[in-house]
Structures are given as structure tokens and as C-alpha cells.
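All figures in this text were calculated on a predicted structure; none of them were measured in a lab. In what follows, every heavy atom counts, from backbone to side chain, and hydrogens, waters and symmetry copies are set aside.
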Amino acid sequence: MTSRLANARRLYPEDRVALRELGLRDGLQLTKTFPSTPAKIEWIEKAHGAGVRHFEVGSFLPVRTFPQFADIRTLIRTVDGLDGAFSSALTLNEHAIADSLETPVDEIVVALSATEEHCMSNIRRSRRSAIGLLSHAVGERKGSDRPLINASISVSFGCSVGGEVAPEEVLRLAEACAEAGAEVIGIADTVGFAGPRQVRELCELVLPRVHPLPVIIHLHDTRGTGIANAYAALQAGVRVLDGTLGGLGGCPFAPGATGNVAFEDLVYLCERSGFATGIDLEKLLELRPILDRELPGETLYGALARAGPPATIRWQSGST
């Protein structure tokens with residue numbers, strides 16, 4: 001556990017909030033168009049200049065089926081060349097894991113689901129098989145502690161194909177993932193079923209049972225509760241949260257799944273709640289024209305982008 005914990009805390013120090021920007025992966029799963037590679041690099045570099053340090057840059061999936069992720073290796077190298085930046089990528093099978101290990105990616109995400117139905121639909125594996133894939137990823141590092149292995153549990157708060165999810169079932173899966181070698185546990189509200197009470201209760205259940213491994217909360221704003229749910233997670237002790245610029249995203253294998261929590265709003269929430277992010281909001285908002293230009297016809301979300309930071313407050317990261 002000692003080396004595993006050191007690996008996890010290298011990316012996610014326990015004494016601060018870390019925000020992961022997933023726009024280039026989750027954000028592009030349902031869009032009709034996608035940015036060019038130069039535009040994606042511009043996206044990453046400008047976000048890094050604003051203080052963003054965690055980027056999920058794509059999935060290792062067949063290029064013929066998912067052309068939006070064809071340049072994933074280029075984007076991983078781009079992040080690798082930026083000071084203090086970390087990349088992550090989604091892997092769904094053994095081939096994807098092997099491909100990821102040929103790159104300098106900092107973190108690979110192994111997906112599973114809280115329901116058998118969604119797991120079969122999303123990755124064509126049972127939950128037991130998905131945990132076996134997680135063990136395979138750990139073993140394939142061949143004694144190295146890099147990249148970090150992140151077990152992400154989809155539909156943890158309810159599933160549009162499998163129905164209700166008992167919190168104890170998510171806890172069982174989280175513990176099984178930790179035992180299989182995961183160094184980070186992700187809890188996802190993939191279809192936006194949760195409210196603040198459910199988020200806080202599940203986080204308070206899982207956190208002590210997988211401690212000292214970090215827990216990531218991944219929220220969708222399908223029913224308008226995303227930011228309230230993020231605050232509940234922070235109050236429960238979660239210190240790693242996901243979002244996407246412009247609130248882009250959604251799972252293609254979960255009916256009704258729409259966009260993630262808008263990353264800009266998530267930064268504002270953290271800063272105004274006393275959690276310094278190191279991100280300059282005004283610089284972050286300067287990325288919106290890239291999304292407008294590269295994703296014509298796509299709806300972008302986010303209250304902060306509409307209203308802007310408060311005019312009476314001189315913005316600086318860490319202000320409360």
C-alpha cells in the first residue's frame with residue numbers, strides 16, 4: 001500500500017483540491033464534430049496557462065469507430081511536456097491497456113459499472129471481468145508504479161438501464177477494486193440521478209473504507225443538481241472532482257446521459273467555498289472561443305460563462 005499511496009498522492013496530494021478537466025475525452029463522446037489536433041493542443045496549452053493541471057485527453061479505442069480520439073498519443077505527449085501537468089486516458093480492454101503503457105500517460109482509467117446491465121452495455125464485460133481487467137492493468141506495469149490505475153465506477157447513483165443502485169453495492173465494488181490494485185477510486189453519477197444527500201451519504205460511506213486512496217467524484221448535470229452535488233462531495237471530504245469545459249459530455253451507452261458539470265462553474269464553487277484550485281477563472285473563460293469555433297452547433301453550458309466573475313471582486317485564485 002505504501003508505494004501505491006505514494007503513486008496516488010503524486011498526482012493527488014491530500015492537502016488540496018484537484019480538478020480534472022475531461023473535455024477532450026468525456027466531452028467529445030456525443031458531439032457531432034470534434035476539434036482538430038492543433039485546436040486540441042491549443043485547448044490544453046491555454047488551460048494549462050490558466051492553472052489547470054489534470055487533463056483526460058481521450059480513450060484508447062478503435063480509430064475507425066472513434067475518430068475523435070485518433071490523436072490521443074499526440075495529446076499525451078503534449079501534456080507530458082507541460083510543467084506540472086498530468087494526463088489520463090480511458091481504457092476498456094487489454095489491447096487498450098497495452099497501447100496506453102507504450103505512452104508516458106500518467107494515469108489510466110479502467111471503467112466498470114455499478115450495475116451488470118450498464119457494464120455489459122458500456123464495456124461488454126461483467127463486473128467480475130472488469131475487476132479482472134483492473135488486475136491485469138496492475139500486472140502489466142511489470143513492477144513499475146506508473147501509470148496510476150484509476151478504477152471508475154459508472155452509474156453509482158442509479159442507472160437508466162439497470163435501475164436503482166444500493167450504496168452498499170458501490171461500496172462492495174470500490175473495496176474489490178482497491179483489493180485488485182486500484183490506486184484511485186472513481187464514483188460517477190453518469191446519468192445525473194443523484195441529489196446532494198445521496199452524494200454526501202455515498203462519499204461518507206466509501207471514503208473511510210478505501211482510505212488512504214483518493215476518491216474522485218464524477219458528476220453530470222443532467223437534472224441541474226451537478227454543482228450542489230459537487231459541494232456535497234467537498235463537504236464529505238472528497239478532494240478530487242471531474243468537470244468539462246462548457247459542460248460538454250455524456251455516456252453513449254447510458255440513455256438520457258447529458259453533459260458533465262461545467263468545469264468553469266466547478267472552479268468558481270471551489271474557490272468561493274474556500275478550496276484553492278490554483279486556476280485563474282478569467283484566463284479559463286478565454287478558452288470558450290476555442291469551443292465555439294471548433295464545435296459549431298454544440299450547446300455549451302455554464303452559469304459563470306453567462307454571467308462572468310463578479311465585477312465587484314478582483315478575481316484571483318484562492319479568493320473566498
Side-chain angles (χ1 to χ4, degrees), residues 17-20 22 26-27 29-30 111-119 121-122 151-175 185-210 214-244 246-251 253-275 277 299 301-307:
V17 164
L19 301 182
R20 302 170 73 246
L22 276 62
D26 199 334
Q29 289 186 151
L30 294 181
L112 69 156
S113 303
T115 67
E116 199 73 8
E117 294 88 344
H118 186 265
C119 211
S121 176
N122 192 34
S152 180
I153 306 172
S154 299
V155 296
S156 289
F157 297 91
C159 177
S160 53
V161 292
E164 294 289 331
V165 175
E168 292 75 19
E169 185 65 7
V170 179
L171 176 61
R172 182 188 71 81
L173 290 169
E175 290 179 323
I185 304 298
I187 299 173
D189 186 19
T190 311
V191 287
F193 278 13
R197 180 176 63 83
Q198 289 81 22
V199 170
R200 182 161 187 161
E201 288 177 354
L202 184 56
C203 290
E204 288 177 342
L205 183 67
V206 172
L207 277 165
R209 297 290 284 272
V210 300
V215 171
I216 295 174
I217 191 77
H218 177 98
L219 300 167
H220 286 241
D221 198 34
T222 310
R223 292 167 178 83
T225 58
I227 281 293
N229 290 345
Y231 185 71
L234 288 169
Q235 292 300 301
V238 171
R239 293 295 177 264
V240 190
L241 300 97
D242 289 348
T244 61
L248 293 166
C251 175
F253 303 105
T258 53
N260 292 250
V261 173
F263 190 78
E264 304 93 318
D265 293 356
L266 192 57
V267 174
Y268 186 76
L269 170 73
C270 289
E271 294 286 347
R272 298 298 283 170
S273 301
F275 299 100
T277 65
T299 302
Y301 301 92
L304 194 78
R306 292 194 302 270

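- Taking all atoms of both residues into account, the shortest heavy-atom contact from Leu219 to Ala230 is CD1-N, 3.3 Å.
- Interatomic distance, Glu116 CD to Glu169 CD, rounded to the nearest 0.5 Å: 9.0 Å.
- With hydrogens and angles disregarded, a donor-acceptor distance shorter than 3.5 Å links the side chain of Asn229 to the backbone of Ala194.
- Between the side chain of Ser273 and the backbone N or O of Leu269 there is at least one donor-acceptor pair closer than 3.5 Å.
- By the 4.5 Å heavy-atom criterion applied to side chains, Gln198 and Val165 are not counted as neighbours.
- With a 4.5 Å cut-off on side-chain heavy atoms, Glu175 and Leu171 count as touching.
- The closest donor-acceptor contact from the side chain of Asn122 to the backbone of His118 lies at 3.5 Å or more, if one exists at all.
- Smallest separation of non-hydrogen atoms from Val206 and Ala174: CG1-CB, 4.1 Å.
- Shortest non-hydrogen contact noted between Ser156 and Val170 is O-CG2, 3.4 Å.
- For Arg239 (side chain) and Leu234 (main-chain N/O), a donor-acceptor pair under 3.5 Å exists by modelled atom type.
- The only member of Asn260, Thr190, Asp189 that meets side-chain hydrogen bond (donor to acceptor under 3.5 Å, both in side chains) when paired with His218 is Asn260.
- Here the straight-line distance linking atom CD1 of Ile217 with atom CZ of Phe157 works out to 4.0 Å at 0.5 Å rounding.
- Within the 4.5 Å cutoff, the side chain of Phe193 has heavy atoms near those of the Ser160 side chain.
- Using a distance-only test at 3.5 Å, with no hydrogens or angles considered, no donor-acceptor pair links the side chain of Glu271 to the main chain of Tyr268.
- Rounded to the nearest 0.5 Å, atoms CD (Glu264) and CG (Leu19) are 11.5 Å apart.
- Between Ala151 and Leu112, the shortest heavy-atom distance links the atoms CB-CD2, 4.4 Å.
- For Leu241 against Ala233, the heavy-atom pair with the smallest separation is CD2-CB, 4.5 Å.
- Here the CG atom belonging to Asp242 is positioned 7.5 Å from the OG atom belonging to Ser152, to the nearest 0.5 angstrom.
- Residue Arg197 holds its CZ atom at 12.0 Å from CG of Leu202, rounded to the nearest 0.5 Å.
- The shortest distance between side-chain heavy atoms of Val199 and Tyr231 does not fall below 4.5 Å.
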Problem - Verdict with supporting geometry, Val155 and Val161, side-chain contact (heavy atoms from CB on, under 4.5 Å) - result: CA-CA 10 Å; Val155 296; Val161 292; over 6 Å; no
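- Within 6.0 Å of CZ in Arg209 there are 12 or fewer heavy atoms belonging to other residues, nucleotides or ligands.
- Between the side chain of Arg223 and the main chain of Val191, a donor-acceptor pair closer than 3.5 Å is present.
- When each of Val261, Thr225, Thr244, Asp26 is paired with His220, the side chain to side chain contact (heavy atoms under 4.5 Å, CB included) condition holds for Asp26 and for no other.
- The two residues Val238 and Cys203 come nearest to each other via the heavy atoms CG2-SG, 3.7 Å.
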